[in-house]
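The next block holds one structure in the form of structure tokens; read it before the comments.
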Amino acid sequence: MTNMSRDVLHTLSSTSIEKCMSCGRCSASCPVADEMNIMPHQFVALLKRREVEKLMESNTLWKCLSCFACIERCPRGVEPAKIVEASRLAVIRQQGESHISADEIPKYLESESDLPQQLLVSAFRKYRG
Amino acid sequence: MVFSYYPGCTLSTQAKEMDVHARKCAEVLGFTLEEIDDWQCCGAVYPMGSDEVASKLSAIRALHQAKEKGQDLVTLCAACYHVLKRINEDMKNKEMQKTVHTYDNSLDYHGETKVIHFMEVLQKHVGFDKLKEKTVNPLKGRKIGAYYGCMLLRPSSILAFDDPENPQIFETFLKALGAEAVEFPRRNECCGGYISLKQKEKSREMANEIVENAVRNGAETLITACPLCLYNVAKAEGSSIYYFTKLLAEALGVKE
């Protein structure tokens, strides 16, 4: 899938993964960890082991809510959400890997009159490179 | 008191009432929100990738404009507050300043602007005591829960809005208006955010948990500062949620 190296992801996320002591507090704080095939603390461990492809293929990229609970509660300042974001960016920046297209928007707007612009902008930023 | 004001995309459209109420309340409370010129959408989410620069430029332009006017920059939308404040922090970095200059060399900006939320204006510049004095229709007997969500609080090292696990600013605000502030454990948990576009069931489930928790603790109504929280939480069963500005306008007697 990719020639993405661990160093590229590491730089893109700019986190200190070596500080992680695998306490699991990030995953315990994550409101959607039970739906992720790779939970936040495992995300950090896999990046340490350079298993970048696994990260890029995980459903975690689309489950993460960017609620920053993992970042807030990490006792070591590791910032797991930034690694998830870096992996998501590494995917959506590839040609044909966007997870939303402009053509979908009219459908969303027509179906709900109370849909806030903030939602469309957020989703575009998160799902499209 | 005059502040630079950044309404943001949703307050100009779907959440227009928040903007209207806030301006009216500001007038009563003796401060002015001066909308900055030609602002652009902040992007609604903070770009976390370390190489993101272009996606931060609209926020930097807004921050720069406030600096030129020598004013603090006020927002109402929790997402705008979050994005502007974090990007402002990024701009204290010399490397970032240099890179931004290569995009637009008129942006002589180093993070000087103070980004403040409307609620902080009430707290620090107006004062909750004075707010209480100005209240003409106290919200007596109303049991209201403040739903904070994520964007105002986390990460607290940068947002510094309130204690991220036990915030009190909205509760103090509610008490000043004469309401009973109902604290509930899930008031700082995520509503599902942007996943409500494509994973509606999940966001509905999360919203249900928040509302259920608020009701169990005695809240009859919730208030929020975030249009996306309002949209998501309003979809929960038995939900009643308003922008905090609506209750403020009611209490100050300026709600039409």
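Every chain is numbered from 1, with letters handed out A, B, ... down the list of sequences.
- Of the residues considered (G49(B), G149(B), G193(B), C80(B)), G49(B) shows the highest number of contacts with chain A, using heavy-atom pairs under 4.5 Å.
- Using modelled atom types and a 3.5 Å distance limit, the side chains of Y46(B) and S66(A) yield no donor-acceptor pair.
- By the 6.0 Å contact criterion, NZ on K202(B) is enclosed, its count of non-hydrogen atoms from other residues, nucleotides or ligands being greater than 12.
- Most heavy-atom pairs under 4.5 Å with chain A, from the set C41(B), P164(B), A79(B): that is P164(B).
- With contacts defined as side-chain heavy-atom distances shorter than 4.5 Å, the pair T15(A)/M48(B) does not qualify.
- Contact detail for Q199(B) and W62(A): the closest heavy-atom pair is NE2-O, 2.9 Å.
- Y127(A) touches chain B through its side chain: at least one heavy atom from C-beta onward sits under 4.5 Å away, while N, CA, C and O do not.
- The nearest pair of heavy atoms linking P116(A) to P227(B) is CG-O, 4.1 Å.
- Of residues 55-62 of chain B, those residues lying under 4.5 Å from chain A by any heavy-atom pair are S55(B).
- The salt bridge (charged side-chain N to carboxylate O under 4.0 Å, His left out) search around E183(B) returns R187(B), not counting sequence neighbours.
- Residue contact with chain B, scored on non-hydrogen atoms closer than 4.5 Å, is absent for A86(A).
- Between Y194(B) and C64(A), the shortest heavy-atom distance links the atoms OH-O, 2.9 Å.
- For L65(A), the parts sitting under 4.5 Å from any heavy atom of chain B are the backbone and the side chain alike.
- A salt bridge is absent between K82(A) and E52(B): the closest approach of a Lys/Arg side-chain nitrogen to an acidic carboxylate oxygen does not fall below 4.0 angstrom.
- Between chain A and the residues G192(B), C9(B), C226(B), S156(B), the most heavy-atom pairs under 4.5 angstrom are made by S156(B).
- Here CE of M151(B) is found 6.0 Å from OG of S122(A). Values are rounded to the nearest 0.5 Å.
- Taking CG of L115(A) as the reference point, atom OH of Y231(B) lies at 4.5 Å (rounded to 0.5 Å).
- Enclosure of atom CD in E18(A) by more than 12 non-hydrogen atoms of other residues, nucleotides or ligands within 6.0 angstrom is indicated.
- When heavy atoms are compared at a cutoff of 4.5 Å, E79(A) does not approach chain B at all.
- Q14(B) places a side-chain N or O within 3.5 Å of a backbone atom of S113(A) that can act as its donor or acceptor partner.
- Ring orientation note: the planes of F68(A) and H82(B) are close to parallel, at an angle under 30° on the 30°/60° scale.
- In this structure, G43(B) and R125(A) approach most closely via the heavy-atom pair CA-NH1, 3.2 Å.
- When each of L230(B), L197(B), D51(B) is checked for heavy-atom pairs under 4.5 Å with chain A, L197(B) comes out on top.
- Most heavy-atom pairs under 4.5 Å with chain A, from the set E189(B), E209(B), K200(B): that is K200(B).
- Of the listed residues L120(A), L119(A), V121(A), the one with more heavy-atom pairs under 4.5 angstrom with chain B than any other is L119(A).
- Proximity of a side-chain donor or acceptor of K198(B) to a complementary backbone N or O of H99(A) within less than 3.5 Å is detected.
- In this structure, S50(B) contributes its side chain and T11(A) its backbone to a donor-acceptor pair below 3.5 Å.
- The number of heavy atoms from other shown groups lying within 6.0 Å of CG (D34(A)) is above 12.
- Looking only at distances, no side-chain donor or acceptor of Q118(A) sits under 3.5 Å from a matching main-chain atom of T10(B).
- Residue L153(B) touches chain A through its backbone alone, counting heavy-atom pairs closer than 4.5 Å.
- The side-chain heavy atoms of R73(A) and E165(B), taken from C-beta on, include a pair separated by under 4.5 Å.
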